[in-house]
J.: 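Quick one: structure below, then a few questions.
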Number of protein chains: 2
Amino acid sequence: MPGSKVIPLRSSLDQPCEPFACAQCGVYQLCLPLGLQQADMTLLESVVKRKEIYKRGQLFFKPGDRFDFIYAIRSGSVKTSVCTPDGRVQITGFHIAGELLGLSALASGQYSSEARALETTSVCRVEAERLDELAQQIPSLQYQMLKIMSGQIRQDEELMLLLGRRNAEERLAEYLIGLSRRFAARNYSPTQFHLSMSRGDIGNYLGIAEETVCRILTRFQNAGLIATKRRDVRLIDLRQLEAVARLGAAA
Amino acid sequence: MPGSKVIPLRSSLDQPCEPFACAQCGVYQLCLPLGLQQADMTLLESVVKRKEIYKRGQLFFKPGDRFDFIYAIRSGSVKTSVCTPDGRVQITGFHIAGELLGLSALASGQYSSEARALETTSVCRVEAERLDELAQQIPSLQYQMLKIMSGQIRQDEELMLLLGRRNAEERLAEYLIGLSRRFAARNYSPTQFHLSMSRGDIGNYLGIAEETVCRILTRFQNAGLIATKRRDVRLIDLRQLEAVARLGAAA
DNA sequence: GATATATATTGATCTACATCAATCATTGCT
DNA sequence: AGCAATGATTGATGTAGATCAATATATATC
């Protein structure tokens, strides 16, 4: 069960910048140190560089960069993407507090995707080599990494299902529901939230055109499923939205 | 670099069924024990159940099944798929010798996908719990698992790019090239091979209709890029095929 | 070896969504 | 504050590929 602490989804720059222990972190339940003994956690903490701040549009890494760091998001949000040789881009994920960046680089020693902050974002940064050494010493840390990766693979399977088999309405409904769940897991409102990504980004991620995203959002709005005002969204009829996600428009 | 041994892509049932050491296995370079010390490999071998044979259509696991085993394919091929609540299916991968099945189950303790043999397939089976214990004792084993998973994530990113951004011709060209590479890595002909999956399966995997697969294959054939006879394929102009995969039809 | 069944191919038509195009609304900048 | 740049929305039109339909070819069954 998730902790009862409310996690800052958006970074506030004015709050004091003191480093603090992982155990006190709002996203502890979702992050790397979950399941570690106190002593091991202290060890992990010793190699973590805390509270690096990235501003909107800033790059964490890009394809081909040497694999130096794993990033854990504390607050804010990040998009990751891959691209074809001729320059077409596919966004592969939007990442929020408690999620890790850079996992797919482990196999080859190079990042295979690009990661870019969608808004002011605070991360913990772990040197890949140090994490490697540490994982050798702390089996439960490596196990946690395995679990996180396994979860990522599972999530990717879902996205493939979405990209391969679902129509535009289902995709967008599913997208909103997914966001809702992730916010809920962080003790944030599952029915009212702010989108840090543009309509274009959403469309790219879902494999549909920006214009289609707009059209369907207004369709949902007219049907009384949601209310939107620019990037602020309120989910009014989650049940109905789930029905759309599963069975398509039809009805 | 891959070993020089030729790997049996298709299982021959008539060959003697003696168990043998991982180090002598044709897919050693691609599999779990890569990088292990001799002593550790012996340990791993002690928990591996070898040469289980699955026949065409036989199920390895399905979504919701308890996560009991990781499977390593020795020969033959397997398709994995996920499905929507209303029954639509998306094939998430075709797997051949040296590849592992069941990784995405690690996070939740349940398989999230279904795996089914496409033809007579021989696998090594490792009990998940034993592997877990073992990995605690052998850091380089856990590391190898991390690498394999990381590679899987990377591969999934590619598929998402394909599903989201590429047209039907590009998808199919990319598909054939991908197969070619994987066969090459196993010391098999990269230009002439047998497809163990149906046109329908290919289309499902690539997010296009079965009929479209046929049409485009004949288009490629007429353009002199490939030759097909039922499920036997010969790649005639790989360079040109790569051009199609990257830049789309056009030209 | 004959029949049945599954898979593959080709053609005709239809449609969901892309693309092109024109505002409109916000947000950042000087 | 006023203007420019960026993002969002809505409408008109086009098309890639889906779907429907009819064989053809191979594989399995008895």
Side-chain angles (χ1 to χ4, degrees), chain A residues 10 55-57 79 88-91 116 118-120 162-173 175-176 194-222 226-233 244 247-251, chain B residues 10 55-57 79 88-91 116 118-120 162-175 194-222 226-233 244 247-251:
Chain A
R10 311 181 72 175
K55 292 222 271 283
R56 192 165 101 87
K79 67 173 170 181
R88 278 171 291 175
V89 174
Q90 169 72 39
I91 293 175
R116 198 177 283 278
L118 282 165
E119 60 190 318
T120 300
L162 182 140
L163 288 172
R165 299 259 81 75
R166 296 171 111 106
N167 68 27
E169 276 193 351
E170 295 172 284
R171 291 179 196 199
L172 208 45
Y175 181 68
L176 293 173
H194 181 86
L195 302 172
S196 60
M197 69 296 291
S198 70
R199 301 289 195 267
D201 279 349
I202 295 173
N204 182 294
Y205 176 65
L206 299 176
I208 54 185
E210 177 177 355
E211 294 93 326
T212 306
V213 174
C214 284
R215 274 186 253 271
I216 290 175
L217 283 181
T218 50
R219 221 181 290 166
F220 283 172
Q221 182 141 240
N222 292 338
I226 65 170
T228 65
K229 192 186 191 184
R230 211 70 184 167
R231 291 191 179 182
D232 290 308
V233 180
V244 171
L247 304 168
Chain B
R10 311 180 74 173
K55 291 221 272 281
R56 190 166 105 85
K79 68 173 170 181
R88 277 172 293 175
V89 174
Q90 169 72 40
I91 293 174
R116 198 177 282 278
L118 283 165
E119 60 189 319
T120 301
L162 182 141
L163 288 172
R165 298 260 81 76
R166 295 170 111 103
N167 69 27
E169 276 193 351
E170 296 172 282
R171 291 179 195 199
L172 209 45
E174 189 71 49
Y175 181 68
H194 181 86
L195 302 173
S196 60
M197 70 294 291
S198 71
R199 302 288 196 266
D201 279 349
I202 295 173
N204 181 296
Y205 176 65
L206 298 176
I208 56 185
E210 177 177 354
E211 295 93 326
T212 306
V213 173
C214 285
R215 274 185 253 273
I216 291 176
L217 284 180
T218 50
R219 221 181 291 166
F220 284 171
Q221 182 142 241
N222 293 337
I226 65 170
T228 65
K229 192 186 194 183
R230 209 73 182 166
R231 292 191 178 182
D232 290 307
V233 179
V244 172
L247 303 167

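Naming: A, B, ... by sequence-line order, numbering from 1 per chain.
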J.: Considering only NZ, NE, NH1 and NH2 on the basic side and carboxylate oxygens on the acidic side, decide whether A/R215 and A/E210 come within less than 4.0 Å.
T.: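 The answer is no: the pair does not qualify as a salt bridge.
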J.: Rounding to a whole Å, what distance do you find between A/E119:CD and C/dG28:P?
T.: 13 Å
J.: Would you indicate which nucleotide in D/dA21, D/dA8, C/dA8 comes nearest to any side-chain atom of B/R231?
T.: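 Of all the options, the side chain of B/R231 is nearest to C/dA8.
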J.: Under 4.0 Å, counting only non-hydrogen atoms across every strand here, what does A/A168 touch: a base, just sugar-phosphate, or nothing?
T.: sugar-phosphate
J.: Quick one: A/E210 CD to C/dA21 P, roughly how many Å, whole number?
T.: 16 Å
J.: How many whole angstroms separate atom CG of A/L206 from atom C1' of C/dC17?
T.: 14 Å
J.: Looking at every non-hydrogen atom in both residues, tell me the closest pair between A/Q90 and B/R165 and how far apart they are.
T.: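 For A/Q90 and B/R165, the tightest heavy-atom pair comes out as OE1-NH1, 3.0 Å.
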J.: Quick one: does B/R215 reach the base of D/dT19 with a side-chain donor-acceptor pair under 3.5 Å?
T.: yes
J.: Where the side chain of A/R171 meets the backbone of A/L163, is there a donor-acceptor pair that is under 3.5 Å apart?
T.: yes
J.: Below 3.5 Å, does any donor atom in the side chain of A/E169 face an acceptor in the base of C/dC17, or the other way round?
T.: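 It does not, because no donor-acceptor pair links the side chain of A/E169 to the base of C/dC17 below 3.5 Å.
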J.: Could you check how far CD of B/E211 sits from P of C/dA6, rounded to whole Å?
T.: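 Rounded to the whole Å, the gap is 17 Å.
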J.: Taking CZ from B/R199 and C1' from D/dT25, how many angstroms apart are they, rounded to a whole number?
T.: 12 Å
J.: Indicate, with a heavy-atom threshold strictly under 4.0 Å, whether B/I208 touches base, sugar-phosphate, or nothing.
T.: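 If one applies the 4.0 Å heavy-atom cut-off, B/I208 turns out to touch the sugar-phosphate alone, with no base involved.
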J.: So which nucleotide from C/dA8, C/dT19, D/dA8 ends up closest to the side chain of B/S198?
T.: C/dA8
J.: Let me know, please, whether A/K229 or B/M197 comes out on the 5' side of the other along DNA chain C by nearest nucleotide.
T.: B/M197
J.: When we call it a touch if two heavy atoms are under 4.0 Å apart, what does B/G203 touch: a base, just sugar-phosphate, or nothing?
T.: nothing
J.: Atom CG of A/D232 and atom P of D/dA8: how far apart are they, to the nearest Å?
T.: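 The answer, rounded to whole Å, is 12 Å.
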J.: For residues A/V213 and A/L172, report the shortest heavy-atom separation together with the two atoms involved.
T.: O-CD2, 3.7 Å
J.: Please state whether the phosphate of D/dT10, meaning OP1 or OP2, lies under 4.0 angstrom from any side-chain nitrogen or oxygen of A/T218.
T.: yes
J.: Relative to the 5' end of DNA chain C, which residue comes earlier, B/R56 or B/T212, by the nucleotide with the nearest heavy atom?
T.: B/R56
J.: Using a 3.5 Å distance criterion without hydrogens, assess whether the side chain of A/E169 forms a donor-acceptor pair with backbone atoms of A/V244.
T.: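 No, the answer is negative, given that no donor and acceptor are paired below the 3.5 Å cut-off.
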J.: B/R230 has a side chain; which of D/dC20, C/dA18, C/dT7 sits nearest to it?
T.: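 Given the options D/dC20, C/dA18, C/dT7, the side chain of B/R230 is closest to C/dT7.
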J.: Output the rounded distance in Å from CZ (B/R166) to P (D/dG17).
T.: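 Distance, rounded to whole Å: 13 Å.
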J.: A/H194 NE2 to D/dA8 C1': how many Å, rounded?
T.: 14 Å
